[in-house]
Amino acid sequence: LCASLSSNQSLTFIVQSFFSLGAVSAVELEKTFCRAKNAQPSPTGALVALGFAGNTLGVEGGKELARYTHQSYTLTRLDAARNGFGSAAGVALAGAIRMNRGLVYLDLSQNCLGSKAGRAIALALRENETLTSLEAADNGFGPDVLRDFSTSLGVAPQLIFLGLAKIPFGVQSFEGGSSAGIGEVLGGALAKNRTLTSLDLSGGTGLKSIDVLGLLAGFAENRSLVHVNLDDVEFDDACVLHLTNSLDRQRRRVRTNARPVSRGTAAAALMNYGGLAESRISEGLVSVSLKNCHLGARAGPVAAGALISLP
């Protein structure tokens with residue numbers, strides 16, 4: 001594979017997922033990519049996408065991938081999920097995120113990154129100017145990582161999708177700090193953010209009802225979110241009431257600000273990152289997923305009544 005890539009002058013997209021390449025192969029691939037980058041440039045030979053999910057690249061492989069991402073000026077999409085990178089490689093990848101000026105989509109889910117790498121990645125978003133979609137689910141981040149991501153949402157105006165599913169943010173962590181007030185922190189960030197269109201907090205985040213209340217307060221003030229996934233999040237009657245109030249405020253704002261949109265304008269807008277354009281047209285949540293939230297006999301009908309009234 002590396003020998004073939006060395007002489008190729010036209011390949012722009014590589015998907016080599018679930019082949020168990022391992023760290024040694026990652027080192028050879030990184031060398032190959034760098035040789036190609038330093039060779040005579042070809043108008044069609046710029047590598048723009050890599051799909052390396054499920055290849056057990058490990059710590060060293062992750063560091064090599066970070067080195068290439070740092071140096072690449074053409075890579076826009078990187079899928080590196082399920083590679084067992086660990087904390088050290090995660091920190092290296094955070095450095096690559098901070099310096100890279102072309103990456104648009106990055107998937108680092110299920111890589112055992114831990115809180116140290118999670119905080120480094122969240123901080124890197126504040127300096128990155130191009131990344132619009134980050135999937136970082138199931139990485140064992142602690143509560144302090146969510147605090148850092150919340151702060152970054154206020155200074156990373158390019159981000160439109162953030163995936164933080166299956167991460168126990170609401171659980172007290174020695175490594176990741178205190179979970180107190182974590183929902184209010186994220187809710188405050190969402191209230192100010194004007195670009196994020198999709199947020200995934202599903203899958204047992206450990207957020208308590210009080211955290212959910214803080215989060216929902218942010219939804220009520222947000223002007224850009226279109227899709228929110230809260231599957232498996234703990235809801236009580238108060239949370240459902242706040243959710244319905246948030247949806248009602250969205251409904252009234254949409255109807256107050258409703259304006260005719262021509263087919264041409266809508267079609268042109270949807271060509272630009274889809275979800276972002278959709279939020280600009282609708283100015284309100286389009287979908288909220290609440291699977292396995294155990295809303296209860298009283299809360300369920302309340303939520304259903306609010307949803308029926310939405311435009």
Side-chain angles (χ1 to χ4, degrees), residues 2 14-34 49-72 75 77-100 103 105-128 131 133-149 152 162-179 200-206:
C2 291
I14 296 177
V15 178
Q16 194 75 9
S17 299
F18 301 103
F19 275 78
S20 298
L21 294 176
V24 174
S25 296
V27 172
E28 293 303 316
L29 283 167
E30 191 273 336
K31 291 177 181 177
T32 301
F33 295 152
C34 287
L50 285 173
F52 277 168
N55 272 303
T56 60
L57 298 182
V59 177
E60 294 306 316
K63 289 180 179 178
E64 295 297 335
L65 200 57
R67 187 173 295 113
Y68 174 72
T69 304
H70 185 172
Q71 297 173 350
S72 174
L75 191 66
R77 183 181 179 91
L78 175 60
D79 182 355
R82 299 177 293 281
N83 273 294
F85 288 149
S87 180
V91 171
L93 284 161
I97 293 170
R98 186 174 63 253
M99 301 303 296
N100 183 278
L103 204 60
Y105 172 90
L106 177 62
D107 188 347
L108 294 175
S109 57
Q110 299 181 49
N111 270 303
C112 307
L113 299 181
S115 290
K116 182 178 180 180
R119 298 194 70 179
I121 291 170
L123 293 172
L125 290 177
R126 303 176 193 181
E127 299 183 44
N128 183 282
L131 193 66
S133 298
L134 174 62
E135 178 60 83
D138 199 7
N139 271 302
F141 296 154
D144 282 356
V145 178
L146 186 58
R147 295 180 193 278
D148 286 332
F149 270 114
S152 295
L162 181 59
L164 298 174
K166 299 181 180 179
I167 299 176
F169 290 123
V171 178
Q172 202 82 1
S173 168
F174 175 77
E175 181 186 6
S178 172
S179 61
D200 188 354
L201 291 174
S202 63
T205 54

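What you see below is based on every heavy atom in this structure, not just the backbone, and it leaves out hydrogens, waters and symmetry mates. Just so it is clear, the structure is predicted and the values come from calculations on it, not from any experiment.
With sequence neighbours left out, R126 forms a side-chain hydrogen bond (donor to acceptor under 3.5 Å, both in side chains) with S152. Judged as a side-chain contact (heavy atoms from CB on, under 4.5 Å), and not counting sequence neighbours, the contacts of I167 are F141, L164, F169. By the side-chain contact (heavy atoms from CB on, under 4.5 Å) test, A120 is found to be paired with A94, residues two or more places apart in sequence or in another chain being considered. Every residue two or more places apart in sequence or in another chain that forms a side-chain hydrogen bond (donor to acceptor under 3.5 Å, both in side chains) with S109 is listed here: D107. A search for salt bridge (Lys or Arg N to Asp or Glu O under 4.0 Å) contacts involving K166 returns nothing, not counting sequence neighbours. Residues meeting the side-chain hydrogen bond (donor to acceptor under 3.5 Å, both in side chains) test with D138, sequence neighbours left out: none.
With hydrogens and angles ignored, the 3.5 Å screen pairs a side-chain donor or acceptor of N111 with a backbone N or O of L108. Not one N or O on the side chain of N83 forms a donor-acceptor pair closer than 3.5 Å with the backbone of F85. Distance alone, capped at 3.5 Å, is enough to place a donor-acceptor pair between the N139 side chain and the A136 backbone. Proximity of a side-chain donor or acceptor of N128 to a complementary backbone N or O of R98 within less than 3.5 Å is not detected. A distance-only check finds no donor-acceptor pair linking the side chain of S72 to the backbone of Y68 [under 3.5 Å].
Applying the side-chain contact (heavy atoms from CB on, under 4.5 Å) test between I121 and each of L134, L93, V145 identifies L134 as the sole match.
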